[in-house]
Amino acid sequence: NAGVTQTPKFRILKIGQSMTLQCTQDMNHNYMYWYRQDPGMGLKLIYYSVGAGITDKGEVPNGYNVSRSTTEDFPLRLELAAPSQTSVYFCASSRQGSGANVLTFGAGSRLTVL
Amino acid sequence: GQNIDQPTEMTATEGAIVQINCTYQTSGFNGLFWYQQHAGEAPTFLSYNVLDGLEEKGRFSSFLSRSKGYSYLLLKELQMKDSASYLCAVNKGNTPLVFGKGTRLSVIA
């Protein structure tokens, strides 16, 4: 049971480039999330999904896009990368969206934009 | 909105007890979580409180007072491996968790 798998673990981008962070989970969870974590700033929600075909914006969605074509996968796309998007990105999933909805996190993707 | 406050850093001695506080302001409160995050790793679930009172789980306990918008995480018999960041997160209705900035705990010999 792999849980939540994110790729790549590390990536350096040039300003203006685009890329996709991949996230897949094998726990049949309905809910999936993308957070970013900057030093000393905690986790901020970028986008989330309550099921296949449904996505919604979080606190900091600008500069990102997501899709949820299957229950398992929730890729995060960065268009026109900017230095402000340098961060550690965590994908997470949960069985339900409220109550004791324990989040299972992926190992994280460290992105640097130069 | 949801304001979640916790101390930025704390230091404690191996074998001691430490209490990490978290205060929050939110409407539609539906539970409070504590996560542990070691440097360079993903957060992992520690505890969940939705009713007032103390939940004990081994060396770790978590307390909640909904009327005061207050929670704490209590770590007993501190070990060096407890050095990590501790994240308080609040669940509001059906919306995703909102995290505080985390408290970095250093355990020293």
Side-chain angles (χ1 to χ4, degrees), chain A residues 2-7 9-10 21 23 25 27 29-51 54-61 66 68 74 87-110, chain B residues 1-10 20 22-24 26-51 55 57 60 62 64 66 71 84-106:
Chain A
V4 179
T5 303
Q6 289 182 235
T7 56
K9 285 188 166 46
F10 301 95
L21 298 177
C23 176
Q25 52 93 9
M27 298 173 285
H29 283 172
N30 290 322
Y31 291 75
M32 295 188 75
Y33 315 83
W34 275 105
Y35 287 90
R36 61 176 286 174
Q37 186 174 40
D38 301 313
M41 295 303 293
L43 291 158
K44 290 189 182 295
L45 184 67
I46 305 171
Y47 271 97
Y48 68 102
S49 168
V50 303
I54 306 170
T55 62
D56 211 344
K57 295 178 180 179
E59 184 182 0
V60 289
V66 294
R68 185 93 182 271
F74 190 42
S87 189
V88 180
Y89 292 83
F90 287 100
C91 179
S93 71
S94 63
R95 186 169 302 282
Q96 59 193 60
S98 63
N101 58 325
V102 176
L103 268 61
T104 300
F105 285 87
S109 299
R110 183 176 294 274
Chain B
Q2 297 174 102
N3 296 321
I4 302 172
D5 291 311
Q6 45 182 137
T8 303
E9 292 188 50
M10 298 183 72
I20 303 174
C22 172
T23 59
Y24 64 90
T26 187
S27 55
F29 176 82
N30 197 22
L32 186 142
F33 293 77
W34 285 95
Y35 281 79
Q36 180 190 58
Q37 185 178 25
H38 285 100
E41 298 183 9
T44 55
F45 170 75
L46 280 179
S47 69
Y48 168 68
N49 294 68
V50 66
L51 300 176
E55 295 277 346
K57 194 184 296 184
F60 292 8
S62 56
L64 176 67
R66 289 175 299 173
S71 172
S85 288
Y86 292 86
L87 312 178
C88 173
V90 173
N91 198 182
K92 174 184 175 180
N94 261 334
T95 60
L97 283 184
V98 176
F99 285 83
K101 294 182 179 181
T103 299
R104 186 162 60 202
L105 174 67
S106 298

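Order of the sequence lines sets the chain letters (A, B, ...), proteins ahead of strands, with each chain counted from 1. FYI, side chains are in, hydrogens and waters are out, and symmetry mates aren't considered; it's all heavy atoms of this structure.
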Aromatic ring pairing A:Y48/A:Y33, orientation class (parallel under 30°, perpendicular over 60°, tilted between): parallel

Is there a side-chain contact between [X] and [Y], using heavy atoms and a 4.5 Å cut-off?
X      : Y     : value
A:F105 : A:Q6  : no
B:F99  : B:I4  : no
A:Y47  : A:M32 : no

Top contributor to chain B interface from A:E59, A:R110, A:M41 [non-hydrogen pairs under 4.5 Å]: A:M41

B:E9 versus chain A, the contacting section by heavy-atom distance below 4.5 Å: neither

Part of A:Q37 within contact of chain B (heavy atom distance under 4.5 Å): side chain

Part of A:L45 lying under 4.5 Å from any heavy atom of chain B: side chain

